[in-house]
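Just below is one structure, and these are the notes that go with it.
Throughout, a chain's letter reflects where its sequence line sits, starting with A, and its residues are numbered from 1. Below, all heavy atoms of this structure are taken into account, side chains as well, without hydrogens, waters or symmetry copies.
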Protein chains: 2
Amino acid sequence: MNKKTAPRARRDDMLSRERIIDAAIDLLDREGERGLTFQALSAQLATGPGAIYGHIANKADLLTAACDAIVARAVASPSDDATPQAAIRALALALFDAMDDHPWAGATLIQAGGQMPVVRILERVGQQISALGVPQAAHWAGASAVVNYILGVSGQNAANAQLARSQKADRDTFLAEVAIAWSRLDPAQYPFTRSVAGQLRGHDDREDFLAGVDLLLAGLVSQAQIS
Amino acid sequence: MNKKTAPRARRDDMLSRERIIDAAIDLLDREGERGLTFQALSAQLATGPGAIYGHIANKADLLTAACDAIVARAVASPSDDATPQAAIRALALALFDAMDDHPWAGATLIQAGGQMPVVRILERVGQQISALGVPQAAHWAGASAVVNYILGVSGQNAANAQLARSQKADRDTFLAEVAIAWSRLDPAQYPFTRSVAGQLRGHDDREDFLAGVDLLLAGLVSQAQIS
DNA sequence: ACCTGAACACCGTTCAAGT
DNA sequence: ACCTGAACACCGTTCAAGT
């Protein structure tokens, strides 16, 4: 009876947790982390600031949920890779690219503790670690090492993007400035940093990131062979 | 002439960047990241909020400087270790313990981009990577992988400590709660996370952290041997 | 030259009043 | 039951006035 009218009767502009999170992601992508305020968010949703608290607990909850949506999308693609190593590399790259598109998500992810977005990553990584033949007792240490590495890079990338933004420079000129600052350090105290300052300029972030993943995988494989 | 009176004439309570940073560290250690406000800080220094801006640029600058002081202390101990591996392990552990004592520093460190606190770590790690015999071209990738891993763990630990604090639980009961939440996840979607939930409880954070460092070192050594 | 502290612009969150 | 939006408590930062 009422089924006939239900689809059209349901108001499209009704507030929901999902709509709030989508609007928050929009705002974060456009204006950065500083741009997400309850004022701006409620304005975009054509409501009052108080209405949002009916669907989310607080701002930290909102940020975690927005970050989780990004991670869920990045992790959603099916992994039909030939080897566990390839699957982990593909997963890591998908996350890297997602964080590159949404720099605020990297900063949020690392503050999310053992919550959903991190668990999603842990699960995907862990399944492949298990497939690698790593002994059961080493599952946790291996998976958490890979996850921590991914989180560290994400956070660092987010920080770089945010610093570049605050200086109104693009990423390349920002990195060039860092390279110059490093090459001016005291040679006696900072020989290594000075020596890699050149490599910093023009390097490929994605490739460096993958190199780190490969180091961990190489370590895991040798560990699996020993035991 | 004036040298005679100078030592006593110099007012001990004069404001300085160093005194501000020390007071900020005190406040952060006692009250957490939320406790550092210019109001509380200036009160502790017996001055007005505006006076602080004569010595530091803004709050981000203050946080980075405070974090740098912690890192500088942790890194200061001489490394007379037998092998580069042992030196990196000792350095990583010193940083881990420092972040454990000052959880706010982990969260700050990861937002510090290519600035001093991170450079200090990069330099120490890099010198040992170089001593390991890693080929020059791989210096940057190897050192940044280790640094990123350390930063990731630091940030994650800081987030856990902060979450535990906000729930007014100590670290152990907080981790126990996480373990329970994980063991309640959907078995079809989260088999791995469920399987390691048990290992989470009662595990040794320091040991897990070192295991990740060892994985990276094992990968680096095998890389050095191949080339 | 440096400190003082009131004032400003803003933000997350609450809650009585509406519908 | 849910939205509305004024009000509250608070915070980083500035700046004219002091010393």
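- Summarising the geometry, the separation between OH on Tyr53(B) and P on dG12(D) is reported as 7 Å, rounded to the nearest angstrom.
- In this structure, Arg184(B) places its CZ atom where only 12 or fewer heavy-atom neighbours from other residues, nucleotides or ligands lie under 6.0 Å away.
- Residue Leu36(A) is classed as a sugar-phosphate contact, given heavy-atom separations below 4.0 Å to backbone atoms only.
- The CG atom of Leu45(B) sits 15 Å away from the C1' atom of dC2(C) (whole-angstrom rounding).
- Between Phe38(A) and Tyr53(A), the ring planes lie parallel to each other; the angle is under 30°, not in the 30° to 60° tilted range.
- Regarding Glu33(B), its CD atom lies at a distance of 14 Å from the P atom of dC11(D), rounded to whole Å.
- The distance between atom CD of Gln39(B) and atom P of dA9(D), rounded to the nearest whole Å, is 16 Å.
- If you check dT13(C), dT13(D), dT4(D) against the side chain of Ala51(A), the one that comes closest is dT4(D).
- Counting to the nearest Å, the P atom of dG12(C) and the CG atom of Leu27(A) are 11 Å from each other.
- As judged by a 4.0 angstrom heavy-atom cut-off over every strand, Gly54(B) is placed among residues making no nucleic acid contact.
- Counting only N and O atoms by type, the side chains of Thr64(A) and Asp61(A) include no donor and acceptor under 3.5 Å apart.
- Leu62(A) places its CG atom 10 Å from the P atom of dT13(C), with the value rounded to the nearest Å.
- Taking the side chain of Phe38(B) as heavy atoms from C-beta on, and the options dC3(D), dT13(D), dT13(C), the nearest nucleotide is dT13(D).
- Within a 6.0 Å sphere centred on CD of Gln39(B), other residues, nucleotides and ligands contribute 12 heavy atoms or fewer.
- Other residues, nucleotides and ligands place no more than 12 heavy atoms under 6.0 Å from the CD atom of Gln162(A).
- Side-chain proximity of Pro49(B) to dG12(D), dT13(D), dT4(D): nearest is dT13(D).
- Summarising the geometry, the separation between CG on Asn58(B) and P on dC11(D) is reported as 17 Å, rounded to the nearest angstrom.
- In this structure, the nucleotide among dG12(D), dG5(C), dC11(C) sitting nearest to the side chain of Lys59(A) is dC11(C).
- The side chain of His55(A) sits closest to dC3(D) out of dG5(D), dC3(D), dG12(C).
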